[in-house]
2 protein chains.
Amino acid sequence: MRCWVVLLLLAGHACASYDYETFYFDQKIDHFNADNDKTFKNRYMVNTKSWGGNGDPIFFYAGNEGDITLFIDNTGFMWEIADEFKAMIVFAEHRFYGESMPYADAYTPPYQLGLLTSSQVLADFASLGTHIRQSLNATDSALISFGGSYGGMLAAWFRMKYPHITQGALASSAPILQFTGMVPCHVFGQIVTEDFQRTSLECTEVVRRSWAAIDTVTSTDEGKEWLSTAWGLCKPLETRNDVLALKNLLVNVLVNLAMIDYPYPASFLMPLPAYPIKAFCEDLRHPKLEPEPLLEEYFLGLNVYFNYTGEMKCVNTSQQADPRLGDIGWWYQACSEMIMPMCYDGVDDFFEPVPWDLASYVEECHRVWGVTPDAGLAELLYGGKNIQAASNIVFSNGLLDPWHSGGVMEDVNPTVVALIIPEGAHHIDLRSSNPDDPPSLTATRRLEKEHISRWIRQYAQEQMS
Amino acid sequence: MRCWVVLLLLAGHACASYDYETFYFDQKIDHFNADNDKTFKNRYMVNTKSWGGNGDPIFFYAGNEGDITLFIDNTGFMWEIADEFKAMIVFAEHRFYGESMPYADAYTPPYQLGLLTSSQVLADFASLGTHIRQSLNATDSALISFGGSYGGMLAAWFRMKYPHITQGALASSAPILQFTGMVPCHVFGQIVTEDFQRTSLECTEVVRRSWAAIDTVTSTDEGKEWLSTAWGLCKPLETRNDVLALKNLLVNVLVNLAMIDYPYPASFLMPLPAYPIKAFCEDLRHPKLEPEPLLEEYFLGLNVYFNYTGEMKCVNTSQQADPRLGDIGWWYQACSEMIMPMCYDGVDDFFEPVPWDLASYVEECHRVWGVTPDAGLAELLYGGKNIQAASNIVFSNGLLDPWHSGGVMEDVNPTVVALIIPEGAHHIDLRSSNPDDPPSLTATRRLEKEHISRWIRQYAQEQMS
């Protein structure tokens with residue numbers, strides 16, 4: 001019964017479908033070192049209410065960087081279509097997140113995070129999928145993978161690397177091309193900006209001018225104090241680094257607003273109203289104001305983001321969007337394997353200009369984690385754009401979602417296809433259906449179900465031959 | 001200039017084609033642990049004499065369990081067809097064999113062999129293939145993998161896991177199905193026996209009766225002494241364990257004879273005459289002899305195996321076939337990941353009855369290496385019989401070769417095909433052509449070249465689109 005967060009804002013959702021049983025699988029800590037036979041408890045959740053029995057499919061959510069319950073609550077599509085497919089539902093938690101901790105002190109210096117790699121987690125999924133087939137008498141069942149964002153990347157890669165275990169993958173908003181040399185680094189920020197421009201050019205300008213305004217205002221101690229009070233910061237700004245942290249937070253807020261610009265109230269990263277960019281921009285109309293009044297106006301928008309529920313006492317600049325998201329773990333992954341170049345120019349986007357600087361990035365990762373970023377690893381392991389040999393993957397992307405900058409936007413071959421949702425934000429197709437869904441989303445979900453049906457039929461035929 | 005061993009017996013072979021340059025690539029010791037950035041020198045050899053330049057193919061031999069020079073000397077097919085394909089030739093040495101040692105003392109107790117796994121070596125090949133494309137200006141060149149036996153398994157798996165790096169694989173005599181639950185354990189021994197039966201039923205009976213004869217004779221100290229002298233053993237038999245070691249050696253001799261029953265003199269595992277089973281069986285005609293004369297007769301056959309060159313001073317029961325083969329490393333691999341069940345019944349085969357006993361196997365592996373065999377790992381990683389999603393692999397098998405018991409003997413799909421050479425022994429198709437090649441072998445090589453051509457054309461088309 002983990003559905004209250006969703007229910008809070010999505011009245012009318014059938015809570016019963018979110019029931020599940022929780023299990024723990026003894027997963028090898030290191031699948032690729034024969035001398036290490038240590039294991040950890042890999043959490044997963046199962047619901048067999050709709051399942052028809054052996055031969056009927058397993059819907060397998062490839063957990064991403066967070067507590068798996070966060071994704072259970074935000075992947076209504078799987079729950080909604082389970083009856084129609086007589087499917088078992090499984091949510092697999094990603095190692096080093098939630099309760100699936102290989103070491104109790106993994107996140108305590110000196111850190112034990114080296115085995116937090118995509119290759120290890122894909123082997124986890126393969127082992128767990130095999131275990132589920134055997135332990136639940138589902139040896140003839142197709143296993144269909146689902147995932148969104150990084151979880152979508154994992155779902156797609158799971159199919160590429162273990163096609164004997166997963167018969168197809170729905171990879172929603174999965175930026176498998178957001179790596180070095182595959183796509184230009186500036187596109188992501190431009191998409192964010194365009195989402196705001198589409199709503200209000202004045203609002204976009206307020207944001208664009210806010211960076212200099214913050215610098216001007218916070219150049220004095222009085223100014224720092226003033227902004228801390230005006231924006232209700234939990235911890236007053238004292239140093240230049242505090243200001244940089246605040247700006248960092250603002251970048252994340254803007255990116256998150258673009259990602260979760262859903263047409264109905266939702267609570268994925270934050271509890272937010274329908275069309276949160278529109279709500280954010282509502283009062284941001286005067287870009288030519290002087291710095292202090294500009295920032296006062298800006299705060300009216302920020303307040304929509306931080307305090308839509310009216311429960312927030314103050315703004316915490318070091319907080320993360322949802323405490324169940326594993327920001328720290330992801331930071332390590334971004335420093336080791338998931339190096340996704342981003343850059344802003346302040347002209348075609350509304351961010352402060354920041355070039356992509358691999359050298360500084362490497363230095364910072366070294367300093368914080370003692371790890372060396374391997375910018376070529378994802379391409380080496382997964383092929384980048386060269387995935388013609390793959391099969392049975394749907395890559396879905398919404399054009400509102402900035403992550404489509406690294407998405408697969410064109411069909412690769414007859415069974416590795418791209419579905420585009422023009423009015424869609426970040427993995428909106430995985431969410432529960434809603435009366436306010438745009439028609440393109442409804443049509444996409446219909447196509448996704450057709451692909452899933454075909455994968456299941458194909459597997460049944462292979463089993464018979 | 002490593003070709004003298006081959007030349008010794010295959011007069012007329014063009015030695016020049018075996019020229020190569022030797023390189024060492026800084027390979028990550030652990031590809032799947034982000035905290036380990038140590039590297040080792042991975043040896044590889046390159047010949048660009050026939051290569052047409054960027055866009056023309058790379059022929060990449062996936063090194064198996066031994067010094068790579070052993071395979072350079074026994075893979076004449078690649079050298080012979082390089083001109084026709086304008087191909088660069090690369091031989092990649094397998095980690096923990098030959099000169100490619102991650103740790104200088106890897107094989108010294110307490111051993112550091114945990115990273116001697118197929119997953120790691122496939123990642124080595126992927127990294128090396130990418131490095132070669134970049135360092136030799138071959139970024140547009142198709143990379144075609146070749147391998148025989150375990151190397152053939154690796155070639156096939158390399159294509160399955162890294163299809164963006166290798167565009168096709170010729171997997172010769174690759175027993176990817178010789179794992180738990182995939183094929184019956186007794187078939188291998190039956191094929192060995194049939195190879196001898198086809199030559200001589202009397203010879204087969206001499207072998208079948210030799211086990212009991214050895215037991216009878218060596219039941220006394222005088223008997224042990226007699227047999228040690230009669231067979232010219234380097235180290236006289238003293239204990240029951242010495243006798244067991246001798247029997248073990250005999251099993252290997254019989255298996256090796258079946259594997260390398262080539263129609264011409266060759267020197268793959270041992271220098272041997274054409275049709276070595278025929279030579280071995282020549283004088284083994286009296287299965288009803290009493291134990292001592294039976295073993296004297298048996299020795300006439302063994303002498304063909306051990307001393308075809310006439311240079312062997314005595315028979316060393318602990319010797320391996322070719323010192324360049326990494327028997328010790330393979331033992332570790334067989335104890336960790338490459339668990340291939342074998343059993344004999346003495347009725348349908350001519351071996352001593354030995355059931356497949358996983359429990360003892362596990363115990364022995366624990367005792368020797370401190371490692372736990374994972375009998376399900378190969379299937380988990382590579383799919384066993386469920387490889388319908390693979391593409392561009394030729395599995396070739398000779399029916400004389402006992403390893404075809406675990407081979408892919410039927411087409412899996414239009415591009416994953418099985419080629420059968422009825423008169424063929426172990427990966428004979430990878431060897432140099434010979435006037436005594438059976439027509440089925442010549443036809444198979446022609447088909448293999450057609451597949452390779454198709455893979456290269458397909459890659460060129462993909463590059464253009």
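Protein chains get the first letters and strands the later ones, always in sequence-line order, with residue 1 at the start of each.
Counted by atom type alone, Y332(B) and D35(A) present one or more donor-acceptor pairs between their side chains at under 3.5 Å.
To the nearest 0.5 angstrom, K161(A) atom NZ is 4.5 Å from Y162(B) atom OH. One finds the CG atom of L381(A) at 7.0 Å from the NE2 atom of H164(B) (value rounded to the nearest 0.5 Å). The CG atom of L380(B) sits 13.0 Å away from the NE2 atom of H131(A) when rounded to the nearest 0.5 Å. How far CD of E379(B) is from OG1 of T130(A): 8.0 Å, rounded to the nearest 0.5 Å. Atom CG of N33(A) sits about 11.0 Å away from atom OG of S119(B), to the nearest 0.5 Å.
Around CD of E364(B), the count of heavy atoms belonging to other residues, nucleotides or ligands within 6.0 Å exceeds 12.
If you measure heavy-atom distances from D374(A) to chain B, the contacts under 4.5 Å come from the side chain alone. E337(B) does not touch chain A: none of its heavy atoms, backbone or side chain, sits under 4.5 Å away. Contact annotation for D37(A): only side-chain heavy atoms (C-beta onward) come within less than 4.5 Å of a heavy atom of chain B. With a threshold of 4.5 angstrom between heavy atoms, S127(B) approaches chain A through its backbone and through its side chain.
Residues satisfying the salt bridge (Lys or Arg N to Asp or Glu O under 4.0 Å) criterion with K385(A), sequence neighbours excluded, are absent altogether.
When the candidates H31(B), Q120(B), E462(B), Q167(B) are compared by the number of heavy-atom contacts under 4.5 Å with chain A, E462(B) comes out ahead.
Counting only residues at least two apart or in different chains, salt bridge (charged side-chain N to carboxylate O under 4.0 Å, His left out) contacts with residues 101-118 of chain A are absent.
Using a 4.5 Å heavy-atom threshold, the side chains of D30(B) and D30(A) count as touching.
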